[in-house]
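Treat the numbers as computed from the prediction; the structure is a model and nothing was measured. FYI, the numbering just counts along the sequence from 1.
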Amino acid sequence: MTFPTMAIVTLAVLAAACAPQPEPEAEPMADPEEAAVVAAVEQLFEAMRTGDSEMARAVFHPDARLGRAGEDGISFRPADGFIEMIGQPRDEVYDEPVWDWTVQIDGRLAQMWTRYAFYRDEEFSHCGWEGFQLYKGETGWQITQLIDTMYRGEDCWYPPGREPAA
């Protein structure tokens with residue numbers, strides 16, 4: 001190859017390498033049990049988005065509890081009040097994307113640890129970490145405990161693709 005031809009080929013290769021590439025599609029989880037645990041947690045968030053307390057109730061164990069870990073300690077309460085709140089009429093959509101999760105399973109016990117962000121409609125409210133403990137019963141995976149942290153302002157992070165405008 002002559003010098004001009006090599007330069008053109010080199011520039012074409014560099015241009016192709018620097019061009020924006022389409023995002024690869026997410027690969028399905030290899031472990032069907034892990035996928036089922038994640039699906040149970042995502043069902044809770046779909047229930048929140050749609051205001052469907054029955055959908056939420058189906059994914060919680062009857063004795064489930066919620067916890068919040070804060071600077072002043074930790075507190076727990078039964079999940080029933082939260083489930084009922086999900087179904088209350090409201091003018092806004094509760095959206096809680098989760099990402100960067102880790103799932104561990106041993107027989108009928110599972111846990112999922114994940115980042116989250118909470119939005120009312122498109123307005124960002126807060127972020128934190130959530131830990132779910134689940135039990136696999138006759139109806140599938142159910143959340144037995146959900147505990148979270150909550151941060152606001154500069155201590156927050158945002159889900160991929162929903163970072164605030166600079």
Side-chain angles (χ1 to χ4, degrees), residues 26-165:
E27 292 188 28
M29 287 176 244
D31 181 354
E33 285 301 315
E34 181 177 337
V37 167
V38 172
V41 170
E42 287 181 338
Q43 180 178 328
L44 167 61
F45 297 123
E46 180 63 18
M48 287 172 57
R49 273 188 295 279
T50 60
D52 188 337
S53 60
E54 290 308 309
M55 181 188 291
R57 190 174 311 285
V59 78
F60 275 105
H61 185 276
D63 297 324
R65 68 183 190 160
L66 305 177
R68 164 101 2 112
E71 291 180 17
D72 297 333
I74 189 168
S75 61
F76 290 98
R77 63 189 159 125
D80 292 336
F82 175 66
I83 294 168
E84 290 173 21
M85 181 274 309
I86 287 173
Q88 296 299 312
R90 60 182 180 268
D91 293 332
E92 55 194 7
V93 174
Y94 293 166
D95 187 19
E96 190 165 330
V98 295
W99 70 101
D100 286 347
W101 59 68
T102 301
V103 175
Q104 295 176 314
I105 302 171
D106 183 30
R108 297 178 128 199
L109 182 64
Q111 63 183 9
M112 181 171 159
W113 179 255
T114 185
R115 289 178 188 251
Y116 79 93
F118 184 80
Y119 293 82
R120 288 186 177 91
D121 289 329
E122 288 298 314
E123 185 177 334
F124 179 80
S125 173
H126 59 274
C127 72
W129 287 96
E130 289 180 317
F132 296 85
Q133 290 191 326
L134 300 93
Y135 177 77
K136 187 175 184 181
E138 292 180 20
T139 61
W141 290 102
Q142 288 188 304
I143 299 167
T144 60
Q145 180 168 281
L146 163 55
I147 191 165
D148 66 10
T149 60
M150 183 171 63
Y151 306 108
R152 294 186 187 272
E154 293 181 12
D155 293 333
C156 272
W157 47 77
Y158 303 89
R162 285 183 79 172
E163 295 85 0

Practice prompt. Kindly state each residue pair satisfying salt bridge (Lys or Arg N to Asp or Glu O under 4.0 Å) with at least one member in residues 151-164, sequence neighbours excluded.
Written response: D95-R162, E122-R162

Discussion item. Working note: Y116 + F45, criterion side-chain contact (heavy atoms from CB on, under 4.5 Å); need CA distance, chi angles, decisive distance, verdict.
Written reply: CA-CA 11 Å; Y116 79 93; F45 297 123; 5.7 Å; no

Discussion item. According to side-chain hydrogen bond (donor to acceptor under 3.5 Å, both in side chains), who are the partners of E84, at least two apart in sequence or on a separate chain?
Written reply: none

Practice prompt. Output all residues satisfying side chain to side chain contact (heavy atoms under 4.5 Å, CB included) with A36, sequence neighbours left out; order by chain, then residue number.
Written response: W141

Fill in: Sequence neighbours excluded, every pair satisfying salt bridge (Lys or Arg N to Asp or Glu O under 4.0 Å) that has a member inside residues 128-144
E33-K136

Practice prompt. Can you sort out the partners of F118 under ring-ring contact (aromatic ring centres under 6.0 Å, His included), two or more places apart, ordered by chain and number?
Written response: Y94, H126

Fill in: Nearest-0.5 Å distance that lies between atom CD1 in I143 and atom CG in L66
9.0 Å

Discussion item. Suppose we screen for side chain to side chain contact (heavy atoms under 4.5 Å, CB included). Which residues come up paired with D121, at least two apart in sequence or across chains?
Written reply: E92, V93

Worksheet item: So, the side chain of T144 versus the backbone of Q133: is there a donor-acceptor pair under 3.5 Å, distance only?
Response: yes

Worksheet entry | Pairwise distance OG1(T114) to CG(D100) - rounded to 0.5 angstrom | 7.0 Å

Worksheet item: With sequence neighbours left out, what residues match W99 under side chain to side chain contact (heavy atoms under 4.5 Å, CB included)?
Response: R115, A117, W157, P159, P160

Worksheet item: In Å, rounded to the nearest 0.5 Å, how long is the span from CD1 of I86 to OG of S53?
Response: 7.5 Å

Worksheet, complete the sentence: Closest non-hydrogen contact found for Y151 with G128 is CD1-CA, 3.8 Å

Fill in: Pairing residues for D52 by the side chain to side chain contact (heavy atoms under 4.5 Å, CB included) criterion, not counting sequence neighbours
T50, E54, M55

Practice prompt. To the nearest 0.5 Å, tell me how far L134 CG sits from Q111 CD.
Written response: 9.5 Å

Contacts table for residues 68-80: side-chain donor-acceptor under 3.5 angstrom, sequence neighbours left out:
unit_1	atom_1	unit_2	atom_2	d
R68	NE	D148	OD1	2.6
R68	NH2	D148	OD1	3.3
R68	NH2	D148	OD2	3.0

Item to complete: Report the residues that fulfil salt bridge (Lys or Arg N to Asp or Glu O under 4.0 Å) with R65, sequence neighbours left out, ordered by chain and then residue number.
Response: none

Worksheet item: Among all residues two or more places apart in sequence or in another chain, which pass the side-chain hydrogen bond (donor to acceptor under 3.5 Å, both in side chains) test with Y119?
Response: none

Practice prompt. Examine distances only and state if a side-chain atom of Q142 and a backbone atom of V59 form a donor-acceptor pair shorter than 3.5 Å.
Written response: no

Practice prompt. Decide yes or no on side-chain contact (heavy atoms from CB on, under 4.5 Å) for L146 and L44, but give the supporting numbers first.
Written response: CA-CA 11 Å; L146 163 55; L44 167 61; 4.2 Å; yes

Worksheet item: Minimum heavy-atom separation for Q43 to A58, with atom names?
Response: NE2-CB, 3.9 Å

Worksheet item: For the atom pair CD (E96) and CZ (R120), what is the distance rounded to the nearest 0.5 Å?
Response: 10.5 Å

Response to the item:
Separation between CD (E34) and CD (Q104), nearest 0.5 Å, reads 10.0 Å

